[in-house]
Amino acid sequence: MDFLIKNGTLYEPEVHQLVSKDIAFVDGKIAVPRAEHFYHQVIDAKGCIVTPGLIDFHVHYWGVECGVSPDASSFCNGITTAVDAGSTGCSTFPVFYRTDIVNSRVRILSDLLVASGGQTTWKYNENIDPELYDENEIAKLFERYPGLLVGLKARLSKYVIRESDAEDAVLRMVMLAEKVKTRLILHVTDCAMPLDKLSSMLRRGDVICHIYQNLGSRDRTCLDANGRVLEGLWAARERGIIFDASHGKGNYDLEVCRSAVEQGFVPDIISSDNNANGSFIHPLHSLPRILSKYLDFGMKLEDILDCATITPARLIGHPQLGTLKEGTPADAAIFQLKEKKIRHTDINGNVMEGRHVLVPQMTFKDGRCMYCQTDFT
């Protein structure tokens with residue numbers, strides 16, 4: 001089924017521009033509209049923004065307790081591609097692959113947790129003792145699933161690892177990531193070591209997620225005692241370390257984020273950390289709701305959209321998924337940018353009243369309509 005989207009404002013990340021332009025989806029690909037072509041449906045997108053399908057770089061799909069339904073939680077939020085952020089380890093990833101990845105219509109890639117069992121329950125944490133890393137099996141999985149496994153993940157929280165063990169664990173993780181030729185993604189909520197020290201140990205392209213967290217040790221946020229962004233984090237950014245906002249339910253603080261963004265320390269990626277403990281409820285809610293608050297922090301819409309389209313597309317090795325260029329997969333979303341009072345909260349009790357909200361209207365994956373708001377079209 002071919003579609004013509006008329007009268008919309010297209011955002012093309014490759015040129016970083018919003019333009020009034022029609023676009024077509026033909027045989028599952030982005031196409032230039034042609035007057036002589038028959039379209040099964042013509043969609044009037046007047047007053048709407050048409051973007052590449054969102055890429056949620058940090059979600060949790062696997063697990064009886066932790067995971068959310070991939071298709072049900074993604075298409076209604078304009079998401080066509082997502083990266084499961086290490087819900088599984090080397091002993092559980094094959095099950096995740098057979099049950100969720102191959103049977104879902106949303107495009108799923110995955111990080112692999114260094115702990116073999118993955119994140120299986122809220123009741124106890126994974127063990128990331130380096131002596132327990134199954135390095136041989138991890139290497140085999142990265143060889144078996146090239147392009148599908150896109151990172152090695154670990155949580156460095158003090159409730160997961162002792163401070164005295166954190167540095168050695170990171171060194172081993174970096175060596176292992178180097179061995180399997182992938183990036184390292186580190187969860188730093190209530191981190192077991194200072195963030196500037198941690199960032200100095202990482203390589204270009206490695207990712208620190210939950211960068212705006214403020215849980216547990218208040219001296220382990222991205223801000224120093226005077227509320228300034230740590231000098232070591234600026235230096236890390238210059239070296240090519242990637243910073244993911246990755247909100248989640250308890251991994252984000254409004255005031256830390258506001259201060260950092262006002263200082264120019266904006267995220268490279270904005271992801272949801274969507275999981276069963278926070279999906280569609282506050283303070284996590286959804287990726288579009290999360291993206292919306294950055295407009296009220298003063299970021300430009302184009303820069304915000306880059307954080308959920310072209311930047312993660314490049315990081316996962318699929319730049320064609322972050323564009324509306326002719327001939328690329330017709331993954332796209334239509335949004336209305338509404339001006340209305342909207343309430344944002346965080347786990348620490350901070351409240352912010354915003355004025356903008358991105359509301360998904362339609363989502364297309366490979367040219368097929370996967371979601372449509374009831375009163376749209």
Subject >> Electrostatic pair E255-R258, nearest N-O below 4.0 angstrom >> reply: yes
Original post:
Is the number of heavy atoms from other residues, nucleotides or ligands within 6.0 Å of CZ (R239) greater than 12?
Top reply: yes
Original post:
Between D56 and S74, is a side chain to side chain contact (heavy atoms under 4.5 Å, CB included) present by the stated rule, with each step listed?
Top reply: CA-CA 9 Å; D56 200 339; S74 300; over 6 Å; no
**OP:** Using the side chain to side chain donor-acceptor pair (under 3.5 Å) rule, collect all pairs that involve residues 194-203, keeping only residues at least two apart or in two chains.
**Re:** E167-K197, E178-R203, R203-D206
Original post:
Would a 4.5 Å heavy-atom cut-off, applied to side chains only, mark V207 and H58 as touching?
Top reply: no
**OP:** Would you check if F297 and V266 make a side-chain contact, meaning some heavy-atom pair closer than 4.5 Å?
**Re:** no
Original post:
Are C209 and S271 close enough that some pair of their side-chain heavy atoms sits under 4.5 Å apart?
Top reply: no
Original post:
Does NZ or CZ of R237 fall inside the cone over F265's six-membered ring, less than 6.0 Å from its centre and within 45° of the axis?
Top reply: yes
**OP:** Considering only NZ, NE, NH1 and NH2 on the basic side and carboxylate oxygens on the acidic side, decide whether E302 and K300 come within less than 4.0 Å.
**Re:** no
Original post:
Among L301, L337, I342, which residue meets the side chain to side chain contact (heavy atoms under 4.5 Å, CB included) test with H356?
Top reply: L337
**OP:** Taking only Lys NZ, Arg NE, NH1 and NH2, and the carboxylate oxygens of Asp or Glu, determine whether E131 and R172 approach each other closer than 4.0 Å.
**Re:** yes
**OP:** Say whether, by atom type as modelled, one donor and one acceptor occur between the side chain of R155 and the main chain of Q119 under 3.5 angstrom.
**Re:** no
Subject >> Ring centers of Y212, H210 separated by less than 6.0 Å >> reply: no
Original post:
Can you find a pair of side-chain heavy atoms, one from H282 and one from R289, that are under 4.5 Å apart?
Top reply: yes
Original post:
Taking T363 for the side chain and F75 for the main chain, is one N or O donor matched with an acceptor at less than 3.5 Å?
Top reply: yes
Original post:
In this structure, are over 12 heavy atoms from other groups packed under 6.0 Å from Y371 atom OH?
Top reply: yes
**OP:** Using salt bridge (charged side-chain N to carboxylate O under 4.0 Å, His left out) as the criterion, point out the one residue from R368, K325, K29, R107 that pairs with D331.
**Re:** R107
**OP:** Please examine the side chains of M201 and M173, heavy atoms only from C-beta on, and report whether any two atoms are closer than 4.5 Å.
**Re:** no
Original post:
If we only count heavy atoms from C-beta on, is the D100 to D84 side-chain gap below 4.5 Å?
Top reply: no
Original post:
Any side-chain heavy-atom pair from Y252 and N350 closer than 4.5 angstrom?
Top reply: no
Subject >> Test item: E126 and V160 side chains (from C-beta on) under 4.5 Å apart, heavy atoms >> reply: yes
Subject >> Donor on one side chain, acceptor on other, S279 and N274, under 3.5 Å >> reply: yes
Original post:
Can you say whether the rings of F93 and Y97 are parallel (under 30°), tilted (30 to 60°) or perpendicular (over 60°)?
Top reply: tilted
